[in-house]
Amino acid sequence: MAGLALRIIVGLGNPGPEHQVTRHNAGFWFVDLLARRFSAEFRDYRKYSGETAKISIEGHEVVLLKPTTYMNRSGLSIRQLSEFYKIPPEEILVAHDELDLPVGTVRLKQGGGHGGHNGLRDTIAHIGETFWRMRLGIGHPGNKAEVIDYVLTRAPRTEEDLILEAVGTAVDCIPLLLEQGAERAMTRLHSRAGRV
């Protein structure tokens, strides 16, 4: 079974220590763990408006990206990096927090809309819809008016642990995704994730 050709993996989040542990930074947690797992360090690159790290997974060279533009301008950084390396959207995976999934659930999909997520909205504006998404469930506060405060605050410990567990599950599946493809990775992710 053919693997998925991924050359850029992006984590969405907001820069700065005040945002580090907020739910909105789940995408950053994902790429941070990938970098640690594969012994890489992020460095700041102004020309990409973000921090990047290079990792090798089973012989696949992948660039990790954390935009430093703040969430609602993430697409600029992704476009700058993808244009520099001449990488099409189909070979880009974007990891992000997902209000529409229960806490601790993780889902992989390609394409689709932004679902009100400002980081995805800006990414779509810059590179189109055909990139892959790693959706990390953070749950919903139940009231649309509370969403901004909800994503920009830290989750209670039990929920944070579930999100971190989901992040770990997602990272575990990246070698499988690269080696055996999206269908196999989806089967693994969608059967394991979100069990409380």
Side-chain angles (χ1 to χ4, degrees), residues 9-38 40-42 50-51 53 55 64-75 77-78 93-109 112-124 131-177 185-196:
I9 298 179
V10 184
L12 296 187
N14 286 310
E18 70 275 23
H19 296 291
Q20 195 170 349
V21 296
T22 65
R23 293 175 175 94
H24 221 17
N25 272 36
F28 273 13
W29 304 350
F30 174 78
V31 288
D32 281 339
L33 182 57
L34 260 179
R36 285 198 303 275
R37 187 78 57 88
F38 293 95
E41 285 186 22
F42 280 96
E51 296 178 9
I55 61 173
L64 306 180
L65 172 67
K66 294 198 294 185
T68 52
T69 50
Y70 288 94
M71 185 67 83
N72 61 0
R73 294 187 63 231
S74 302
S77 176
I78 298 168
L93 173 71
V94 176
H96 63 91
D97 58 304
E98 178 60 73
L99 286 160
D100 293 333
L101 290 176
V103 174
T105 306
V106 58
R107 293 284 181 267
L108 174 70
K109 74 172 210 174
H114 55 72
H117 192 292
N118 287 332
L120 290 180
R121 188 196 311 270
D122 197 61
T123 301
I124 290 168
F131 59 92
W132 289 84
R133 298 106 188 275
M134 187 69 78
R135 305 164 67 213
L136 302 163
I138 61 167
H140 197 287
N143 183 339
K144 197 173 177 182
E146 295 172 13
V147 163
I148 292 174
D149 283 343
Y150 180 80
V151 298
L152 293 177
T153 55
R154 186 173 190 168
R157 182 61 188 268
T158 52
E159 290 184 15
E160 186 175 283
D161 286 347
L162 288 171
I163 297 167
L164 290 170
E165 193 177 310
V167 167
T169 299
V171 166
D172 289 344
C173 268
I174 293 298
L176 182 68
L177 182 63
M186 284 178 185
T187 301
R188 170 88 62 85
L189 280 174
H190 300 180
S191 62
R192 284 177 61 195
R195 290 183 181 173
V196 180

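Between Arg36 and Asp32, none of the side-chain N atoms (NZ, or NE/NH1/NH2) sits under 4.0 Å from a carboxylate O, so this pair counts as no salt bridge. In this structure, Glu159 pairs ionically with Arg23, as a charged nitrogen and a carboxylate oxygen lie closer than 4.0 Å.
Minimum heavy-atom separation, Val151 to Thr22: O-CB, 3.6 Å. For Ala40 against Ala53, the heavy-atom pair with the smallest separation is CB-CB, 4.1 Å. Across every non-hydrogen atom of Gly11 and Pro67, the tightest pair is O-CD, 3.3 Å. Listed here is the closest heavy atom pair of Phe38 and Pro175: CZ-CG, 4.3 Å. Closest approach of Ala26 to Val167, counting heavy atoms only: O-CG2, 4.2 Å. Between Pro15 and Phe28 the shortest heavy-atom distance is N-CE2, 4.1 Å.
Using a distance-only test at 3.5 Å, with no hydrogens or angles considered, no donor-acceptor pair links the side chain of Arg107 to the main chain of Leu101. Side-chain N or O atoms of Asn25 include one that pairs as donor or acceptor with a backbone N or O of Asn14 at under 3.5 Å. Checked by atom type and distance alone, the side chain of His24 never pairs as donor or acceptor with a backbone atom of Ile148 at under 3.5 Å. The closest donor-acceptor contact from the side chain of Ser74 to the backbone of Met71 lies under 3.5 Å. No side-chain donor-acceptor contact under 3.5 Å links Tyr150 to the backbone of Asn143.
How far CD of Glu146 is from NE2 of His140: 9.0 Å, rounded to the nearest 0.5 Å. The distance from atom NE2 of His96 to atom CG of Asn118, rounded to the nearest 0.5 Å, is 12.5 Å. Annotation: the span from Ile163 atom CD1 to Glu98 atom CD amounts to 12.0 Å, rounded to 0.5 Å. Distance CH2/Trp29 to CD/Glu160: 5.0 Å, rounded to 0.5 Å. The line from NE2 of His190 to OG1 of Thr169 is 11.5 Å long, rounded to the nearest 0.5 Å. The CG atom of Leu108 lies 10.5 Å from the OG1 atom of Thr187; values are rounded to the nearest 0.5 Å.
At a cut-off of 3.5 Å, with distance as the only test, no side-chain donor of Asp122 or His114 sits close to an acceptor on the other residue.
Within the 4.5 Å cutoff, side-chain heavy atoms of Leu99 are placed close to those of Ile138. Counting heavy atoms from C-beta outward, Asp97 and His117 have side chains that approach closer than 4.5 Å. Contact of the Ile174 side chain with the Arg37 side chain is not registered, since no non-hydrogen atoms from C-beta on lie closer than 4.5 Å.
Glu41 CD: 12 or fewer foreign heavy atoms inside a 6.0 Å radius.
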Margin query: Walk me through whether Val31 and Phe42 qualify under side chain to side chain contact (heavy atoms under 4.5 Å, CB included).
Written below: CA-CA 10 Å; Val31 288; Phe42 280 96; 4.0 Å; yes
Next item on the list: Assess whether side chain to side chain contact (heavy atoms under 4.5 Å, CB included) is satisfied between Leu12 and Phe30, documenting all intermediate values.
Entry: CA-CA 9 Å; Leu12 296 187; Phe30 174 78; over 6 Å; no
